Amino acid sequence: MRTEEAGMGIRSRIGEALAQAVRGLGVEGELPDLELGRAKEAAHGDYASSAGLKLARQLRQAPPQIAERIARTIVIPDGAATAEAAGGYVNFRLADEWLHRLVTEVASHGEGFGASNLGRGESVQVEFGSINPTGPMHIGHGRGVVLGDSISRLLDFTGHKIQREYYVNDQNTQARRFGASVWARMNGEEPPEGGYVGEYVTELAEIAKRELGDIDSLQREQAEAKVRQFAIALMVERIKASVARLNVRYDEWFPESRLWLDGLPQLAIKQLREEGFLKEREGALWFGPALEEEDGLGEHVRSEKDDRVVIRSNGEPTYFASDLGYLLSRFERRGFHRVIEVWAADHHGYVARLKAAAVALGIDAERLEIIIHQMVNLKEGKMSKRAGRFVELDELIDKVGSDAVRYFYLLRSPDTTIEFDLELALTQSNENPVFYAQYAHARLVNVEATALEKHPSLRKEADVSLLMQPWELEVARQLAFWPEVVEDSTRLLEPHRIPYYVHDLSTAVHRFYHAGNETSEFRVVVDDPKLTRARLELGRAARHTLKTALDLMGVTAPERM
RNA sequence: GCCCCGCUAGCUCAGUGGAUAGAGCAUCUGCCUUCUAAGCAGAGGGUCGGGGGUUCGAAUCCCUCGCGGGGCGCCA
C-alpha cells in the first residue's frame with residue numbers, strides 16, 4: 001500500500017473498480033453518479049452503491065441483474081473488499097486481511113495518515129478573522145478564526161500551498177473614527193458621532209498619553225493620525241494575542257494602507273473606468289456590475305440597485321475601492337490561484353458584489369470562494385442578565401479553555417447559528433465532548449506504557465492477524481474511513497465533519513479498551529506477548545489517527561489526563 | 001418588498017437523491033479487588049415546520065406557505 005493510495009482512501013479505490021466494472025458491462029460516455037457511500041446497516045457491509053438502479057434504464061435490464069453482473073466481474077485491488085449484489089445494490093465489505101495490512105501501515109506510518117496530494121501544490125490564500133482592529137474580538141469573531149484556521153490546516157494536509165492572511169483595515173472610516181475616539185478621550189472631549197467607547201478606549205488613551213509625549217506640538221489632524229496608528233497597532237497586537245491563544249497563526253498581517261502605497265486601488269479604478277464599469281452619479285463614483293434586468297416592457301435596462309460607491313462625493317474612497325485593489329493584490333500581484341474568505345453572515349450581501357468586481361477585473365469568479373458562517377448567540381441564562389452583553393473571545397477562552405472553544409465551534413456546520421450555552425460551557429465536566437476524544441487518546445498512551453512495563457522486550461514486528469474480535473476490527477474499520485473524511489471535508493471546505501469522525505473513532509477505541517473489563521483475556525495488555533503486541537499495534541494506529549484528526553482541529557491530544 | 005441561513009428525538013445538532021433517519025446531552029436499567037468508570041453495555045423517545053411537484057426512490061432537488069435569525073448602494 002503506497003502512501004498516495006492510502007491518502008486516496010478505500011472509498012475512492014472501490015469507486016474506481018466500480019467504474020471499471022460498469023464499463024465492462026458496455027456502458028459508454030459519462031457515468032452517472034453511482035452513489036457509492038457508507039452502508040447504513042451492518043448487514044449491508046461497509047459501502048454500498050445503487051449502481052443497478054442507476055443503470056437500469058440505460059442498460060434496459062432489471063436492477064438486480066445489473067448488480068449481479070457488477071458483483072461478479074468487479075476486481076478490487078489488493079482484495080481490499082468483497083462485493084455482493086442485493087437487489088439493485090452492490091454492497092462492499094472490507095476484508096479482514098486488508099484491514100490488518102492497514103493497521104500495520106498506519107501504526108508505522110505515524111501521524112500523517114490521511115494526508116494526500118489532492119491539491120497538487122495549488123497555491124491558496126485563506127483570509128479569515130479580519131475584523132476592524134478597533135476593538136477586541138468577541139465570541140462571534142472567534143468562530144470565523146477557528147473555521148478559517150481549520151480550513152487552512154486541512155488544505156495544507158491535502159497538498160495545497162497555503163497562505164493565511166489577516167487583512168488589517170488601518171485607514172478606513174472605522175479606523176479613523178476609532179483614532180478620533182481615542183484622541184478625544186486623551187483630550188477630555190466627547191467622542192465623535194458613531195465613535196468608540198468602553199474601558200479599552202480609556203486604557204488606550206492613557207497608554208497613548210504616556211507613550212506619545214510629543215503629539216501636543218503637532219497639528220490636530222497629524223496628532224489624530226498618530227494616535228490612530230498607535231491605537232490600531234496596539235489593537236492588532238491584542239488580536240494577535242487572542243488568536244494565538246486559540247492555537248492560530250497567520251503568515252501575513254496585510255495592511256489596507258499598503259494597497260494604496262502600491263497604487264493598486266488606483267490601478268483597479270483606472271482599469272474599470274476604461275472598461276466602462278464606473279460612472280458618476282450624485283457627485284460620487286459608482287461601480288455598476290454589468291447586470292441587466294427586465295423593465296417589465298420587454299426592454300433590458302441597467303439596474304442601479306446593485307451599484308456600489310467607490311469614491312464618495314467628498315472625494316474619499318470607500319472600503320470597496322480598497323477591496324478592488326486587494327483583488328488585484330492577491331490574484332495578480334501575488335498570484336494566488338484560489339482565495340478563500342471566511343465571513344460572518346452579516347456580510348453575506350457583499351458576496352455578489354465582490355464577485356462581480358472580480359469578474360469585472362478579469363478574474364474568474366470561481367477562484368474566489370467566500371464561506372459564510374452564521375452568528376454566535378449567547379443562550380439566555382443566569383450568566384447573561386444584561387441584554388446584548390458583549391462577550392469577549394478572551395473571556396470565553398479564560399472560562400472553558402482553547403480546546404473546548406475550538407471543539408464546540410467546529411462541531412457545527414457553518415450554516416447553523418450557534419446558541420452558545422455559557423452555563424454548559426462553564427460546567428467543566430464530562431459534558432464537554434472534547435474530553436471524550438482526548439480521554440481516548442490519553443488512554444491509548446497509557447495502555448502502551450503499561451504494556452511496555454509488563455513486557456519490557458516486546459518484538460518489533462506485530463502479528464496483526466491475531467486481531468479477530470469484532471471490537472478490534474471495528475477500530476481498524478474506522479481507520480479505513482479516515483481518508484474519505486479528510487477528502488470530503490477538504491472538497492466541501494467543511495471541517496465540522498472531523499469532530500464527528502473523532503467521536504466515532506473514540507467510541508471504537510473506548511469499546512476496544514472496555515472489552516477487557518468484561519473478560520480479562522480481552523485486555524490490551526495480557527500475558528501473551530504476541531497478542532499484547534498485536535493489540536498495541538492497533539492502539540498505536542488509532543492513536544496516530546486521533547492525534548492527526550485533533551491536530552487538524554487545532555485541539556491538543558494530551559498524553560495524560 | 002428583495003436577498004442569505006435555519007426549522008430533524010424533551011434539548012443541542014449530524015445526515016453528498018438510495019435500503020428500517022443517527023449522535024451527544026437529558027430520562028430509565030445494568031457494569032469498577034485486577035490495563036484510567038472523564039468509560040462501557042442496554043431501553044424508551046420521530047407526521048424530518050405545513051402543502052404541492054420531479055423521480056423507480058426525497059430529510060436531501062423544485063415550487064409555495066408559515067415561523068425564527070441575519071442583511072439590503074457615500075459603515076465594514
Side-chain angles (χ1 to χ4, degrees), chain A residues 33 35 37 39-41 43-44 48-50 53-54 56-57 63 86-89 91 130-132 134 169 172-175 177 194 281-288 304-314 316-320 322-323 343-353 372-375 377 379 411-419 421 424 428-436 438-440 442-443 445-451 453-454 471 488 491-492 494 496-497 499-500 503-504 506-507 509-511 513-518 520 523-526 532 535 560-561:
Chain A
D33 184 356
E35 302 287 351
K40 276 186 192 158
E41 283 201 45
H44 299 149
S49 162
S50 52
L53 293 155
K54 290 288 180 190
R57 186 171 303 171
Y89 297 89
N91 296 329
S130 311
I131 64 163
N132 276 324
T134 55
N169 293 108
N172 61 14
T173 308
Q174 296 301 332
R177 205 170 274 170
R281 193 169 71 240
E282 299 158 27
L285 186 67
W286 299 72
F287 169 74
E304 291 186 355
K305 72 182 179 197
D306 288 321
D307 290 357
R308 199 87 181 180
V309 171
V310 180
I311 307 285
R312 297 188 183 92
S313 46
N314 66 6
E316 282 176 15
T318 64
Y319 66 92
F320 187 58
S322 296
D323 280 348
W343 295 353
D346 56 351
H347 285 65
H348 95 269
Y350 192 48
V351 173
R353 228 141 294 158
I372 298 293
H373 66 81
Q374 297 300 311
M375 317 297 275
N377 295 327
K379 206 170 177 180
L411 198 53
R412 272 134 188 62
S413 144
D415 290 339
T416 304
T417 304
I418 293 182
E419 295 292 333
D421 189 331
L424 180 70
Q428 281 270 29
S429 72
N430 49 356
E431 282 162 22
N432 274 347
V434 62
F435 289 136
Y436 187 80
Q438 291 183 320
Y439 190 49
R443 221 173 208 179
V445 172
N446 185 66
V447 81
E448 188 158 345
T450 309
E453 219 169 276
K454 185 175 172 80
W471 51 84
D488 291 347
R491 197 163 36 81
L492 301 168
E494 291 182 351
H496 70 272
R497 292 160 187 277
Y500 282 93
H503 181 266
D504 288 345
S506 299
T507 298
V509 166
H510 286 307
R511 273 188 194 143
Y513 180 90
H514 263 274
N517 276 14
E518 304 280 322
S520 59
R523 290 172 174 235
V524 178
V525 183
V526 287
T532 303
R535 288 178 180 157
R560 185 181 298 274
M561 287 175 77

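Below, chain A is the first sequence line, B the second, and so on; all start at residue 1. From a predicted model like this one, the values you see are computed outputs, not experimental measurements.
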Applying the 5.5 Å / 30° rule, does A:Tyr439 stack onto the base of B:G39? no
Return the 5'-most residue of the pair A:Thr507, A:Arg497 with respect to RNA chain B, ranking by each residue's nearest nucleotide. A:Arg497
Mate of B:G46 where both pairing distances stay under 3.5 Å, Watson-Crick or G-U: none
Greater than 12 external heavy atoms within 6.0 Å of A:Arg491's CZ: yes
Does any donor-acceptor pair link the side chain of A:His348 with the base of B:G70 at a separation under 3.5 Å? yes
Taking any heavy-atom pair under 4.0 Å as a contact, classify A:Lys40: base, sugar-phosphate, or nothing. sugar-phosphate
Just one of A:Ile311, A:Thr318, A:Val310 clears the side-chain contact (heavy atoms from CB on, under 4.5 Å) bar with A:Phe287, so which one? A:Val310
Side chain of A:Gln374 only, heavy atoms from C-beta on: which candidate in B:A19, B:C5, B:A14 is closest? B:C5
Take the protein atom CZ of A:Arg57 and the nucleotide atom P of B:G17, then report the distance between them rounded to whole Å. 18 Å
If you go through the side-chain atoms of A:Asp504, does one of them form a donor-acceptor pair with the base of B:A14 closer than 3.5 Å? no
Are OP1 or OP2 of B:A37 and a side-chain N or O of A:Arg443 less than 4.0 angstrom apart? yes
Check whether any side-chain heavy atom of A:Glu35 lies under 4.5 Å from a side-chain heavy atom of A:Leu53, and answer yes or no. no
Can you tell me whether the side chain of A:Thr318 and the base of B:C74 have a donor-acceptor pair closer than 3.5 Å? no
Can you tell me whether the side chain of A:His514 and the base of B:C31 have a donor-acceptor pair closer than 3.5 Å? no
Could you tell me whether A:Ala515 contacts a base, only the sugar-phosphate backbone, or nothing, with contacts defined as non-hydrogen atoms closer than 4.0 Å? nothing
With stacking defined as ring centroids separated by under 5.5 Å and planes differing by under 30°, is A:Tyr513 stacked against B:C35? yes
For B:U33, the Watson-Crick or wobble partner whose two distances fall under 3.5 Å: none
Chi-angle category of B:C32 [syn within 90° of 0, anti beyond]: syn
Could you check whether any side-chain heavy atom of A:Gln374 comes within less than 4.5 Å of a side-chain heavy atom of A:Ser413, counting everything from C-beta outward? no
At 4.0 Å (heavy atoms only), tell me whether A:His496 reaches a base, stays on the sugar-phosphate, or touches nothing. sugar-phosphate
Indicate, with a heavy-atom threshold strictly under 4.0 Å, whether A:Thr416 touches base, sugar-phosphate, or nothing. sugar-phosphate
Stacking check A:His44 vs B:A19 (5.5 Å / 30 deg): yes
Going by a 90° cut-off around 0, is B:G70 syn or anti? anti
Going from NE2 on A:His510 to CZ on A:Arg443, what distance comes out if it is rounded to the nearest 0.5 angstrom? 6.0 Å
Taking any heavy-atom pair under 4.0 Å as a contact, classify A:Tyr500: base, sugar-phosphate, or nothing. sugar-phosphate
